[in-house]
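Notes follow once the structure below has been shown.
By convention here, the first residue in the shown sequence is residue 1.
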Amino acid sequence: MLFFLVSCFSFMLLKPMGTLSNVWLCEEVVKFLALWFRKGRNAMMKSDVKSKLEKVVEKEEEICLLDLPDLTLECIFERLTPDGLCSMAAVCSSLREKCRSDHLWEKHMKQKWGGLIGSAAYKEWQCYIASRNKASLLMNSRKKRDFRGKFSTIRQLLLNRSKGNEDDRRVGDASAMSSVMDWFLSLESGKFWFPAQVFNREVQNGQVGFMLSCYDAEVSYDCSTNTFSARYPSYPSYGRQIIEEDIDWNRLRAPTVDTPPYVLHVSDCLHDLKPDDHFEIQWRKSKEFPYGWWYGVVGHLETCNGSESSCHCHDSETVLLEFKQYTSGSRWRQTVIDRKDHREVGNEEDGFYGGIRKLYSDKEISLWKSLWPSSTLE
């Protein structure tokens with residue numbers, strides 16, 4: 001194209017023409033060439049800019065997530081959900097190690113399970129880990145015995161080569177299995193049954209006699225329904241273990257004391273009890289059954305007129321316990337205990353009353369009131 005224009009321009013300059021015409025033609029040719037060269041330069045500039053941009057993009061694409069500073073990665077991981085952390089941990093071994101960090105999972109553990117997981121559940125988790133480690137070691141030992149029997153000629157060589165890493169491998173497995181992430185995921189999957197207490201057990205199955213009570217059980221979470229299943233201690237008269245399903249979060253709590261369900265709780269609040277105090281007391285149908293905790297309010301003795309100004313019930317050696325969910329004439333409405341030397345009291349007909357906990361927390365009292373029956377029980 002350039003050769004053609006130069007040839008035409010030379011021909012016009014050499015050919016005789018009028019002065020004005022020649023000048024006009026030269027001006028037009030110059031304008032045309034200037035315009036053509038300007039367009040070509042712009043095109044070249046655009047091509048150069050595009051090339052540079054492509055190089056920048058290629059350079060940015062080469063930046064890896066692992067190239068970010070540790071503090072930046074921590075900020076990103078702290079904002080991820082449990083599912084996000086699990087997905088990120090599956091990318092590579094380096095991210096897996098970072099995403100398994102206990103301090104990342106402790107936040108999620110506290111947010112979802114903090115109100116339900118207590119010391120009893122933690123002890124059960126430690127036993128669960130120990131049993132899994134033991135089962136894993138037994139399986140590895142069995143595999144080694146089979147391996148040694150089949151390949152006795154190279155047995156010693158393989159043992160010598162693996163001896164240096166054997167202890168480290170066990171420690172690594174135990175550490176991974178005892179991480180907060182593993183605990184969280186075991187709870188979410190429902191594989192881990194842990195101790196908790198269930199309010200109003202079996203009431204949804206028509207057992208209204210358990211209203212305003214709380215019983216120990218082993219519970220398991222179902223993430224698909226966001227509910228729990230509970231296994232209650234087996235009773236001799238039933239001959240089988242009772243299991244309840246579809247239990248909501250608001251019907252569960254962590255055990256408030258370390259007293260096992262078959263053991264009498266040592267009361268430490270008897271001298272502090274006075275009318276209108278809220279309490280929980282152990283009760284069981286017979287001595288072959290476990291205790292449950294029942295909610296009640298301290299009442300005024302018959303010798304008291306109920307007036308706050310003249311009430312001396314707190315000075316008496318006995319305490320009147322009221323269970324106002326029952327009608328006034330019900331045999332379950334009231335019971336009297338000895339303030340100074342209270343032990344398990346009762347009989348096979350009315351059941352046995354055990355240790356007492358005074359409720360000081362408004363949160364605990366409000367929870368019991370939220371479970372109040374819609375009608376008075378007989």
So does [X] have more than 12 non-hydrogen atoms from other groups sitting under 6.0 Å from [atom1]?
X      : atom1 : value
Glu378 : CD    : no
Asp341 : CG    : yes
Tyr360 : OH    : yes
Gln111 : CD    : yes
Lys107 : NZ    : yes

Are [X] and [Y] in a cation-pi setup, meaning NZ or CZ lies under 6.0 angstrom from the ring centre and within 45 degrees of the ring axis?
X      : Y      : answer
Arg201 : Tyr232 : yes
Lys98  : Phe77  : no
Arg100 : Trp105 : no

message = Is it the case that the side chain of Ser316 and the backbone of Thr318 share a donor-acceptor pair, with hydrogens and angles ignored and the cut-off at 3.5 Å?
response =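 It does hold such a pair.
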inquiry  = Between Tyr215 and Trp293 (judged by ring centroids, cut-off 6.0 Å), do the two rings come close enough to count as a pair?
reply    = no
query = Quick one: are the ring centres of Trp294 and Trp368 less than 6.0 Å apart?
reply =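 No, they do not, as the ring centres are separated by 6.0 Å or more.
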Aromatic plane relationship, [Y] with [X] - under 30° parallel, 30 to 60° tilted, over 60° perpendicular:
X      : Y      : result
Trp332 : Tyr326 : tilted
Tyr221 : Trp113 : perpendicular
Tyr128 : Phe192 : tilted

query = Does a side chain donor of either Asn305 or Ser307 reach within less than 3.5 Å of an acceptor in the other side chain?
reply = no
ask   = Considering only heavy atoms from C-beta outward, does the side chain of Phe184 approach that of Leu85 to under 4.5 Å?
value = no
